[in-house]
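Notes follow the structure.
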Amino acid sequence: LRPAPHCRTPILSYAMKVTPDTHFINWQQDPFSNYLGRLVFPKPTTEFKVEIDLVAEMIIINPFDFFLEPHARTFPFAYEHKLASDLGPYLEKEPAGEKLAAYLDGIDRAPRQTIDFLVDLNRRLSTEISYLIRMEPNVQSPEQTLSRKSGSCRDSAWLLVHILRHLGLAARFVSGYLIQLAPDVKSLDGPSGPEADFTDLHAWTEAYIPGAGWVGMDPTSGLFAGEGHIPLACSPEPQSAAPITGAVEKCEVQFSHVMRVQRIREEPRSTRPYP
């Protein structure tokens, strides 16, 4: 639940409070360089509570602010041998099922600009897979998501990972915070965004493109990841990006979680000047 080292949105402060306070914590980095807090409780407890408080500077981030390597400007392309070896875990793929194979066959692979190809692929997935809030545990398989034509953000993200890997692109699963701020004025020629400031846990996909590095793609919205996407954990498999894992003794459980977003300070601007 701590922003990943490669988070582009400036995090001005971060704090984690765990109840009960009689515990030991050891901050580590997992094999994929995500921050990992290992907690040990010496005594049994009737309450386990994690409170995260962070301040993020919501600067505008252009998700296309990069230059691709010459050989990667046009898709399809191949990774250099050494780079492909480094990206090995993010290129591993399972055999495509009937639905996924049919979807892959329907993707136009004629040479074109790599960024245009990725934008269209991401946008197409957002229109063909309906978003739903799914409370069941775990992640749907690509076959399930394509058959139902619906899924949560984690389901769409995992499906996009599989599609990219079968296209020869390294891809990883991302779990993080999504912050959406209400716009000052309504859009004249498109959706205006949320009516009120909003935050929640979210999942999306990152693809590795030579020259750009890891590029965030959100198949739920059809957009590339910007300042509102704050990654917490990136891994080859969704199970390695779970927010909290562990074990307890047999007990009764009441579980809940709450997220809030609040504007602390705003600079005056043309759309929202000083009164």
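These figures come from a predicted structure and were not determined experimentally.
- Using a 4.5 Å cut-off on side-chain heavy atoms (C-beta onward), F75 and L121 make no contact.
- In the hydrophobic clustering of this structure, I115 groups with L125; members are Ile, Leu, Val, Met, Phe, Trp, Tyr whose side-chain heavy atoms approach within less than 4.5 Å, directly or through other members.
- The main-chain N or O of A170 is found under 3.5 Å from a side-chain atom of Y79 such that the two form a donor-acceptor pair.
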Verdict with supporting geometry, V253 and V248, side chain to side chain contact (heavy atoms under 4.5 Å, CB included): CA-CA 10 Å; V253 176; V248 296; 5.7 Å; no

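- Not a single donor-acceptor pair under 3.5 Å links the side chain of R134 to the backbone N or O of C153.
- R165 approaches A171 most closely through the heavy-atom pair NH2-O, 2.9 Å.
- Expressed to the nearest 0.5 Å, how far CD of E47 lies from CD of Q254 amounts to 11.5 Å.
- Between W204 and H229, the ring center distance clears the sub-6.0 Å criterion.
- A heavy-atom distance below 4.5 Å is not found between the side chains of S240 and D30.
- At least one donor-acceptor pair closer than 3.5 Å links the side chain of N122 to the backbone N or O of L223.
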Could you go through L167 and R109, starting from their C-alpha distance and side-chain angles, then the distance that decides it, and tell me whether this counts as side chain to side chain contact (heavy atoms under 4.5 Å, CB included)? CA-CA 9 Å; L167 293 172; R109 308 194 193 188; 3.5 Å; yes

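- Criterion: ILVMFWY side-chain heavy atoms under 4.5 Å apart, direct or through other members. Under it, L181 and V55 are not part of a common hydrophobic cluster.
- The main-chain N or O of T9 is never found under 3.5 Å from a side-chain atom of E227 such that the two would form a donor-acceptor pair.
- The shortest non-hydrogen separation linking T22 to P42 is O-CD, 3.3 Å.
- The neighbour count for E128 CD, taken as heavy atoms of other residues, nucleotides or ligands under 6.0 Å away, is above 12.
- Residues passing the ring-ring contact (aromatic ring centres under 6.0 Å, His included) test with Y103, sequence neighbours excluded: none.
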Set out, in order, the CA-CA distance, both residues' side-chain angles and the distance that settles side chain to side chain contact (heavy atoms under 4.5 Å, CB included) for L146 and I129, then state yes or no. CA-CA 7 Å; L146 288 171; I129 304 298; 4.3 Å; yes

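- A donor-acceptor distance shorter than 3.5 angstrom exists from the side chain of D197 to the backbone of A182, with no hydrogens or angles considered.
- Hydrophobic clustering of Ile, Leu, Val, Met, Phe, Trp and Tyr side chains at less than 4.5 Å, counting indirect connections, keeps I61 apart from I209.
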Report the C-alpha separation of E206 and R172 in whole Å, then their side-chain angles, then the decisive distance to 0.1 Å, and conclude whether the salt bridge (charged side-chain N to carboxylate O under 4.0 Å, His left out) test is met. CA-CA 5 Å; E206 287 183 353; R172 62 186 183 182; 2.8 Å; yes

Given side chain to side chain contact (heavy atoms under 4.5 Å, CB included), test L159 with T205 step by step and report yes or no. CA-CA 9 Å; L159 171 59; T205 304; over 6 Å; no

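- Side-chain N or O atoms of H166 include one that pairs as donor or acceptor with a backbone N or O of E94 at under 3.5 Å.
- Ion pairing between K82 and D86 holds under the 4.0 Å rule for side-chain N and carboxylate O.
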Checking R148 against D155 for the salt bridge (charged side-chain N to carboxylate O under 4.0 Å, His left out) test, could you report, in this order, the C-alpha distance in whole Å, the side-chain angles of both residues, the deciding distance, and whether it holds? CA-CA 11 Å; R148 298 169 182 172; D155 301 321; over 6 Å; no

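- No hydrogens or angles considered: a donor-acceptor pair under 3.5 Å links the side chains of Q140 and T145.
- When atom types are taken as modelled, the side chain of T114 and the backbone of R73 share a donor-acceptor pair closer than 3.5 angstrom.
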